[in-house]
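Read the structure below first, then the notes.
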There are 2 protein chains.
Amino acid sequence: MASQRGEGELTTTPLEPADRERARAIPEAAVARLAVYLRVLSGMVDQGVTTISSEELSQAAGVNSAKLRKDLSYIGSYGTRGVGYDVEVLVSHIERILGLTRKHSVAVVGIGNLGHALANYGGFPGRGFPVTALFDVDEDLVGVPVGGIPVNHIEDITTVCAEREVSIGVIATPPPAAQAVCDRLVSAGVQCILNFAPVVLQVPDNVEVRKVDLAVEMQILSFHVARRADEAANDLVNGIGVDGMVIRP
Amino acid sequence: MASQRGEGELTTTPLEPADRERARAIPEAAVARLAVYLRVLSGMVDQGVTTISSEELSQAAGVNSAKLRKDLSYIGSYGTRGVGYDVEVLVSHIERILGLTRKHSVAVVGIGNLGHALANYGGFPGRGFPVTALFDVDEDLVGVPVGGIPVNHIEDITTVCAEREVSIGVIATPPPAAQAVCDRLVSAGVQCILNFAPVVLQVPDNVEVRKVDLAVEMQILSFHVARRADEAANDLVNGIGVDGMVIRP
DNA sequence: ATCTGTGAAGTGCTTCACAGCT
DNA sequence: AGCTGTGAAGCACTTCACAGAT
C-alpha cells in the first residue's frame, strides 16, 4: 500500500544539496519550534522590527536562547555575530525549510461540530493551507456548502482527493469511522494526516500522522492537578505552607 | 501571583506514599501514553476482554511492548508474569494516577467556531471533564445557552470560575485576547490551561499550560511533505525509483 | 513455557560555555 | 563589547535483553 501520486508536481523551490542533508537532520522537536519562531517573526515584521537577537526572539517564543540558536543552526547560519538576525531573512529561510513556499491542499473529513469549525477557518491557520475538499457520510450534508466549499460524500474521497491534489487529510470523524477514512485517504495518495479522532491509526510507513487528542490533553492536565494537590498535602505534612514558606522548620 | 484556591477540597483518593514518589517520577511522555493505554483498555473492557499481554496492548496503542511495560512499571507492578495484565485492574490504577477519580470542571473562553464545538462536546472527551462555564466578550452571546450552558461575560471570569471551582481553563479566543484571558483565569485560581490560540502564553510557574496549535501541526506536516519530495528528487538523481527499487545501481 | 519488570546500554534532545566573528 | 554558532557535557527517554515470577 503505497502512494499512487506521481512525482511530477514538485513546485517547491528545490533545496540546495547542503540544505538537503540538513532537512534530514533537523530534530522533530526543533521543527515544531521553527514553526513557532516563524509566527513570532511574522509578528515582528508587521511591527516593523528588522533585526532581532537570539535572546529577544527566544523570550518571545518561550524557549531559552541556546536552544533557539541551536535550532536555527540546523537550517544554516544566517545571523550576524555581534548583531543578531535579520528578521526577513530568517522568515524566508524558515518558510523554505518548512516547505511553505508550496501550497498544501487540505481535505477535511467529518463535518460535525469540529469539522465545521475547521472548514470555516477558510484558508487554514496561517495561509498556505487552503481547504479544497470536505467529506461526510451524511447524505443531507452532501452538496451543502460549508465555508464556501460543497460537501462531498465519503465514497468519493479517492477520486476527489486525487483530482484536487490534496496533500493533507484532516480526520474529524467519530472514532469508529476514523480508520476506514484514513485508509481511503491513503489510497487516494494522501501522505500526511492530521487526526482529531481519539483512535490510534494504522498507516504504512510512508504516511505521516499527527494526532490532536483532546482527551489526552485533558488527562495530562488532570495528572498535574493530582500531582500538585498531592504535593501540597505532602508539604503541609512536612510543615511547608501553601505559598512555599516553611511554617514549621 | 499564586493560587488563591484553598486546600480543603481534596476529593481525590489520596495516593499512598509509594505512589506519591512515583507520580513525581513519571516522565511526561509516559503520562501522555498512559492516557492512550487507558482509552484502549476501556475499549477492551467493553468488548469483555479481561486479560491482556503487553504485546497485545502495545500493538493496539501503537507503541512497542518494552516501552509499554516500562510505562506501566512507573505506576507499579500490576501484571502477572507468564499471563499478562488484568484489564480492569490496570484501568483503575491508570485512572487513579491520572487523577481521574476526581471531576475537573472546565471553563471554555471564546465561543466562536471552535468554542462552540468544544462546548457542544458536553461532558468533554472521555467523561470526568464537565464543562461548567462559558465566556465571551460579545454582549449578544451573553446569556445564550450553548451546549446547555449560558454564556457569561469575560469580565466575570474571576468570580464565576472561583464559584464553580473550575480547575481547567480552555482558551479558544482570537490570538490578541489570549494573554489577557489567561491572566484572568490565573487570577481566578485556575492552574491548568489548554490553549488553542496561536500565542505563547506567559504564566507563573505554578500554572500548567498545554498548547494545541493547528498552524504548527500543519507546518510540521508541510515539512515532511517537503522532505519527502526532496528525498524522492534526490533518489531519482541517484537512480533509485519511486518505489524504492534501484533502477541504475 | 511464557510473559512481566527492570538494570543497563543506546539514542536523541537540551543546556553549557566559549571560541570566533563583527 | 556583543552576539552567534557549536563542540562537548548533561539529561531524558527509548530500547535491549534477560533474570525472575507464575
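Every chain is numbered from 1, with letters handed out A, B, ... down the list of sequences.
Here D/dT4 presents its P atom at 16 Å from OH of A/Y78, a figure rounded to the nearest Å. Spacing between atom CZ of A/R69 and atom C1' of C/dG20 amounts to 13 Å, rounded to whole angstrom units. Between the P atom of C/dT4 and the CG atom of B/L72 lies a distance of 9 Å, rounded to the nearest Å. Rounded to whole Å, atom P of D/dC3 lies 14 Å from atom CG of A/L57.
Judged as a side-chain contact (heavy atoms from CB on, under 4.5 Å), and not counting sequence neighbours, the contacts of A/R33 are A/A29, A/A30, A/Y37, A/V63, A/K67, A/D71. Judged as a side-chain contact (heavy atoms from CB on, under 4.5 Å), and not counting sequence neighbours, the contacts of A/E95 are A/L38, A/V91, A/L100. Under the rule for a ring-ring contact (aromatic ring centres under 6.0 Å, His included), the partners of B/H104 that lie at least two apart in sequence or sit in another chain are B/F129. For B/R69, the salt bridge (Lys or Arg N to Asp or Glu O under 4.0 Å) test picks out no residue, with sequence neighbours left out. Take B/D213 and apply the side-chain hydrogen bond (donor to acceptor under 3.5 Å, both in side chains) test, not counting sequence neighbours, and it matches A/R39. With sequence neighbours left out, B/E217 forms a salt bridge (Lys or Arg N to Asp or Glu O under 4.0 Å) with A/R210.
Side-chain N or O atoms of B/Q179 include one that pairs as donor or acceptor with a backbone N or O of B/Q202 at under 3.5 Å.
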Under a 4.0 Å heavy-atom criterion, the protein footprint on nucleotides 7-15 of chain D, written with B, S and -, is BB----SBB

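Within residues 79-95 of chain B, the residues approaching DNA chain C are B/G79, B/T80, B/R81, B/G82, B/V83, B/G84, B/Y85, by heavy-atom distance under 4.0 Å.
The phosphate of C/dC3 has neither OP1 nor OP2 within less than 4.0 Å of any side-chain N or O from B/S54.
Listed by first and then second residue, the side chain to side chain donor-acceptor pair (under 3.5 Å) pairs that reach into residues 80-90 of chain A come to none, sequence neighbours excluded.
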